[in-house]
2 protein chains.
Amino acid sequence: MSDTTSQTPTTAQGPRDLPTVDITGWACPAPLRETPRVVMGHGGGGALSAELVQQIFVPAFGGELLAQLGDSAVFALGGQRLAFSTDSYVVRPLFFPGGCIGDLAVNGTVNDLAMSGARAAYLSCGFILEEGVEMPVVAGVADAMGAAARAAGVEVATGDTKVVEAGRGDGVYLNTAGIGVIPPGVDLRPQRVVPGDVVIVSGDIGVHGVAIMSVREGLEFGVEIESDCAALGGLVQTMLAVTPELHVLRDPTRGGLAAALNEIATASATGVVIDERAIPVPPAVANACAILGLDPMYVANEGKLVAFVPREHADAVLDAMRAHPLGAGAAVIGEAVAAHPGMVVARTPLGGTRVVDLPLGEQLPRIC
Amino acid sequence: MSDTTSQTPTTAQGPRDLPTVDITGWACPAPLRETPRVVMGHGGGGALSAELVQQIFVPAFGGELLAQLGDSAVFALGGQRLAFSTDSYVVRPLFFPGGCIGDLAVNGTVNDLAMSGARAAYLSCGFILEEGVEMPVVAGVADAMGAAARAAGVEVATGDTKVVEAGRGDGVYLNTAGIGVIPPGVDLRPQRVVPGDVVIVSGDIGVHGVAIMSVREGLEFGVEIESDCAALGGLVQTMLAVTPELHVLRDPTRGGLAAALNEIATASATGVVIDERAIPVPPAVANACAILGLDPMYVANEGKLVAFVPREHADAVLDAMRAHPLGAGAAVIGEAVAAHPGMVVARTPLGGTRVVDLPLGEQLPRIC
């Protein structure tokens, strides 16, 4: 794909119309502190979320680790490096094809830790229950958490429960935070990406988001699509066993593959070129997205990762991934380039290119 | 107070009528999994909360640490002992006299860590925002978190934001999880309590809960009562500097002093005798409780601790506490006894005794 590394992106093909390329153009016209109210997009993992974090949380909290904006904070404690991460979960409905909020809350935080190369060790768990929610629902969520934790080899070590009045919640909200240990020699962060790195995804894209959409909106796509929700710690350790020299991993959840690639491009100040035809999208997801007018690159995943791998290790890492159950569908989808730093460009099936921009919010809120 | 150590508790004085003493009597008539729905009391930190944890969460998650039911989980990682704790915060209103949900969320988790003797090092922070909440409210909460974190010497290292639709939340819900390091030689847990231990509280009881009540219910008590919300890490380190041989610390939040003492009595299988007249209750809190028919021992605190201290160290620890700004009002309120293991008994001002039982839920929900 080196023939594209110096190519200037052209006007977008397809439904998007981007006559000028301005990757800073998502900034609010006014500072966010003057934006009157929170909108759904502030929780979507896209540009609005990034603004909220960068304009309010980072200045207010003042710490250096938060400002690095990784999936996990990484710090030394007791002579070894730990990763620490948290996510709240507000998915609706609570139970969906392929999973529920409980295993999502375990796998999501285990995966955030895994993206820093950490083996997840301990999780915390905070329940916010709505008065009146059926006790078997709570028990079902808890059982799913326990099963997911055992599958991922992590212990739920501490927890908390609050109850809010009926009408002040939505059944069950969950928060998990996790601690993991990063093996010596592993240093996964976007700043390590260099032009020439090979971009690999671990399998089919867009599955979790479409699974949620199919039950939320009562849509039928002919085939039931199950969430790909899974813990990626084992796959990551398999990849690191090939070489600890992986450069960065990211799980493309909210905002999908597009947001993950944009975050890496911005933080690494390199360009990213991907080949749209190389992105694995199952036919059922492609059909659902076509019906709904969605782009699979912006749909959330929960059991997939994207890796930037030094070119000399790419074949061996790809082979190792394909030998793992959660990486059987792994594919090379692009590369890091020196041109257009901070920008993600897709080569389209028609032979043109388009800019893959950071989404403003999430196409469908509350998918995780 | 050794004259009370073998005294058999008599029928309760005052508004409670407990002709028989049955500390296991709070068990549901049916297993909780057959209880149809969650009620507010499941989040109150009392007997209903304990049942939810013991009957659903502990069996579902299956880990050993959770089953110990401490304020923090304590484990070795990287050659030193870490404490790990989480709480969600759903206090209403978001801003109250003396604080807001932001500093509460920092101090609450810092305090849970401090109760294991840990110095808090890093916090995570999960926001669940309701669509439509004013951005200055979010900024105000974040600013308060940052200020509280700096005051407590802890770094907010990682975070997450979700947004739920208007009507599905209550402005701002917060979760914090925290990691702290436990100094060598410190081993604070209820199992270390022995008869003869002196029970010390660090100051006035019932302040936070009454402060919330006064604004929630629009009540006027003549004097504005401000929450005592504060980070106790410094006070705890001051106490440990006198002797690392403290036996157990607990911050009496939900369920108040009564719940904290009952949890220690149950876990240590010792009895506890307290002198009601020795418990520091400010007149404004006493008046408010009298008006509302509440018992200050059941009202939540957020900047106080209760300590079980070996008798030979009690005077020195008390002196050190009183020399610290957050322990100026410290007082000996009772002792651990061999009689009535697992039970908390109060000597009343009239010369009788009453059983101080574990509350079923919280007298006022959503105080933290």
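Across B/G361, B/A121, B/G41, B/G169, the residue that shares the most heavy-atom pairs under 4.5 angstrom with chain A is B/G169. Contact count against chain B (heavy-atom pairs under 4.5 Å) is highest for A/G132 among A/A73, A/G132, A/G79, A/A67. Annotation: maximal heavy-atom pairing with chain B below 4.5 Å, among A/D87, A/V74, A/V39, occurs at A/D87. Listed options B/Q80, B/E131, B/M40 were ranked by heavy-atom pairs under 4.5 angstrom with chain A; first place goes to B/M40. Taking A/S49, A/G159, A/G62 one by one and counting their heavy-atom pairs under 4.5 Å with chain B, the maximum is reached by A/G159. Taking B/I128, B/D112, B/V106 one by one and counting their heavy-atom pairs under 4.5 Å with chain A, the maximum is reached by B/I128.
For chain A, the nearby parts of B/E165 are the backbone and the side chain; heavy atoms of each come within less than 4.5 Å. Contacts between B/A157 and chain A at a heavy-atom distance below 4.5 Å involve backbone atoms as well as side-chain atoms. B/R168 touches chain A through backbone and side chain together, each having a heavy atom under 4.5 Å away. With a 4.5 angstrom heavy-atom cutoff, A/S88 touches chain B via backbone and side-chain atoms both. With a 4.5 Å cut-off on non-hydrogen atoms, B/L82 touches chain A through its side chain but not through its backbone. Using a 4.5 Å cut-off between heavy atoms, A/E155 contacts chain B through its side chain alone, with no backbone atom that close. Of the atoms belonging to B/R150, it is side-chain heavy atoms, and not backbone ones, that fall under 4.5 Å from chain A. Within the 4.5 angstrom heavy-atom criterion, only backbone atoms of B/D71 (N, CA, C, O) approach chain A.
Side-chain N or O atoms of B/N107 include none that pairs as donor or acceptor with a backbone N or O of B/L104 at under 3.5 Å. Remark: the backbone N or O of A/V91 is not paired with any side-chain donor or acceptor of A/R366 at under 3.5 angstrom. Distance alone, capped at 3.5 Å, is enough to place a donor-acceptor pair between the A/R216 side chain and the A/R92 backbone. For A/E302 (side chain) and A/G108 (main-chain N/O), no donor-acceptor pair under 3.5 Å exists by modelled atom type.
Here the options are A/V138, A/V141, A/V137, A/V164, the test is side chain to side chain contact (heavy atoms under 4.5 Å, CB included), and the partner is A/L129; only A/V138 passes.
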Name the atoms and distances for all side-chain donor-acceptor pairs under 3.5 Å in residues 180-189 of chain B, with sequence neighbours left out.
{"unit_1": "B/D187", "atom_1": "OD1", "unit_2": "B/R189", "atom_2": "NE", "d": "2.8"}
{"unit_1": "B/D187", "atom_1": "OD2", "unit_2": "B/R189", "atom_2": "NE", "d": "3.2"}
{"unit_1": "B/D187", "atom_1": "OD2", "unit_2": "B/R189", "atom_2": "NH2", "d": "3.0"}

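Residues A/F127 and A/Y173 keep their aromatic ring centres 6.0 Å or farther apart.
Inter-residue side-chain proximity for B/M135 and A/V38 is flagged as met; some heavy-atom pair is nearer than 4.5 Å.
Figure legend: cation-pi geometry between A/K162 and B/Y89, with NZ or CZ positioned under 6.0 Å from the six-membered ring centre and within 45° of its axis.
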